[in-house]
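As structure tokens, the structure follows; a few thoughts come after it.
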Amino acid sequence: MMHRLLAMVAAILALSALPGRASAESKPLWEFGMGVGGVSFPAYPGSDEQRNYVVPVPYFVYRGKIIKADRNGVQARLFDTDRIESYVSLSASPPVNSTSNGARSGMPDLKPMVEFGPALDVHLWQSAARRMQLDFRMPLRTAYTVQTHPHQVGWVLAPVLNLDIGNVGGLPDWNLGMQTGPVFADRQYNQTFYGVDSAYATATRPAYTAHGGYSGSQFTIGLSKRFPQFWFGAFARYDNLKGAVFADSPLMRRNQNLSFGFGIAWMLGQSSRMVDSHE
């Protein structure tokens, strides 16, 4: 049961990472809601097995002048400028039961993991009407297993260019977001997913030691809209692992993966105080 709950947490983080930016207008200082969604993603990047989950979808937004909380995480403005912000970047990966995974059969299960760390968001360009914005984001996360005695399993650096478009296609309040960039991970992180100790080597799965470095690239697209009584969002993410430092691992079954999902959350409460927002 705990593994299933942690798998849902990973799915929620993937679904809540939807980009999107609307035009400036007055919005509640805070609002929250709860709903449901569905997601599908590979057991791990490079796996040839897909996992599907029905997940709860929480919705929470706080639009303070200095501190903000939304789908991008918790943000704090740096240097009192409008061009650079910091935030806490979050990610997670569900557990993998090696008994039911062909590539890892006979190997130890992959523990569920959470990733967190600081990130910078640099606003590079904004259209005159503030309908479009281009950002450069630089998250650096450390990963820990979720178990009785958690231990660190490495670091991940995932810089991206992020383009947000408000009122896309002339449709009011429909927001489109796109982001793409490379992923870099250290040796320990890649060894966790793609290494094969000699004790678990077979005739078709030789021993393998992973290295740190380039770990593929990602392209994510998200579409969302805040209706008066509920929020809707959907996303798709393409992972390209060609040229990754672990591309020759026997656990690599595919060099391309697709993840996707959708969610709907009904509004349960909001602040009576209104603030100017470009979110």
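Since the structure is predicted, the reported quantities are computational estimates derived from the model, not experimental observations.
Shown here for Tyr194 and Ser249, the closest heavy-atom pair between the two residues is O-OG, 2.7 Å. For the residue pair Ser91 and Arg141, the shortest heavy atom distance occurs at CB-NE, 3.7 Å. Nearest heavy atom pair, residue Lys242 against residue Tyr214, reads O-CE2, 3.7 Å. Here the closest heavy-atom approach between residue Gln147 and residue His149 is recorded as NE2-O, 3.0 Å. Considering all non-hydrogen atoms of both residues, Pro108 and Ser98 come closest at O-OG, 2.9 Å. Considering all non-hydrogen atoms of both residues, Pro250 and Val196 come closest at CG-CG2, 3.8 Å.
In this structure, Pro45 and Leu241 have side chains that are in contact, with non-hydrogen atoms separated by less than 4.5 Å. Val54 places a side-chain heavy atom less than 4.5 Å from the side chain of Val36. At a threshold of 4.5 Å between non-hydrogen side-chain atoms, the residues Phe184 and Pro182 count as touching. Side-chain contact check for Met107 versus Val96: every heavy-atom pair is 4.5 Å or farther apart. Between Met138 and Leu157 there is a side-chain heavy-atom pair separated by less than 4.5 Å. A 4.5 Å side-chain heavy-atom check between Leu161 and Leu163 finds every atom pair outside the cut-off.
Rounded to the nearest 0.5 angstrom, Asn240 CG and Gln256 CD are separated by 5.5 Å. To the nearest 0.5 Å, atoms OH (Tyr59) and CH2 (Trp231) are separated by 8.0 Å. To the nearest 0.5 Å, atom CE of residue Met34 and atom CD1 of residue Ile264 are 13.5 Å apart. Separation of atoms CG (Leu223) and CG (Asn175) is listed at 8.0 Å; rounding is to 0.5 Å. Here Arg51 contributes atom CZ and Asn97 contributes atom CG; the two are 8.5 Å apart, rounded to the nearest 0.5 Å. If you take CD1 on Ile221 and OH on Tyr238, they are separated by 14.5 Å, rounding to the nearest 0.5 Å.
Within the 3.5 Å criterion, the main-chain N or O of Ser47 finds a donor-acceptor partner in the side chain of Asn257. In this structure, the side chain of Asp197 does not engage the main chain of Ala199 through any donor-acceptor pair within 3.5 Å. Side chain of Ser215 to main chain of Gly213: a donor-acceptor pair is present (N/O by atom type, distance under 3.5 Å, no hydrogens or angles). No side-chain donor-acceptor contact under 3.5 Å links Gln126 to the backbone of Gln133. Of the possible polar contacts, none joining the Asp173 side chain to the Arg226 backbone as a donor-acceptor pair under 3.5 Å is found. The main-chain N or O of Glu49 is never found under 3.5 Å from a side-chain atom of Arg253 such that the two would form a donor-acceptor pair. In terms of modelled atom types and a separation under 3.5 Å, the side chain of Ser198 and the main chain of Ala207 share no donor-acceptor contact. Between the Asp135 side chain and the Asp121 main chain, no donor and acceptor come within less than 3.5 Å of each other. The backbone N or O of Gln218 sits less than 3.5 Å from a side-chain atom of Thr180, completing a donor-acceptor pair. Under the 3.5 Å distance criterion, the side-chain polar atoms of Tyr208 are left unmatched by any main-chain donor or acceptor of Leu251.
Side-chain contact of Gln50 with Asn52: a donor-acceptor pair under 3.5 Å is absent, judged by distance alone.
Between Phe230 and Phe227, the angle of the ring planes stays under 30°, which puts this pair in the parallel group of the 30/60° scheme. In this pair, Trp174 and Phe232 present their aromatic rings perpendicular. The plane angle is above 60°, beyond the 30 to 60° band.
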Going through the distances and angles, do Lys27 and Gln270 end up as a side-chain contact (heavy atoms from CB on, under 4.5 Å)? CA-CA 10 Å; Lys27 295 183 178 181; Gln270 66 179 43; over 6 Å; no
List the steps, then state whether side-chain contact (heavy atoms from CB on, under 4.5 Å) holds for Phe116 with Thr142. CA-CA 6 Å; Phe116 56 91; Thr142 182; 4.0 Å; yes
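Tracing side-chain contacts under 4.5 Å through hydrophobic residues (I, L, V, M, F, W, Y), one never reaches Val160 starting from Ile165; they form parts of separate clusters. In this structure, Tyr62 is not a member of the same hydrophobic cluster as Met274, with clusters built from ILVMFWY side-chain heavy atoms closer than 4.5 Å.
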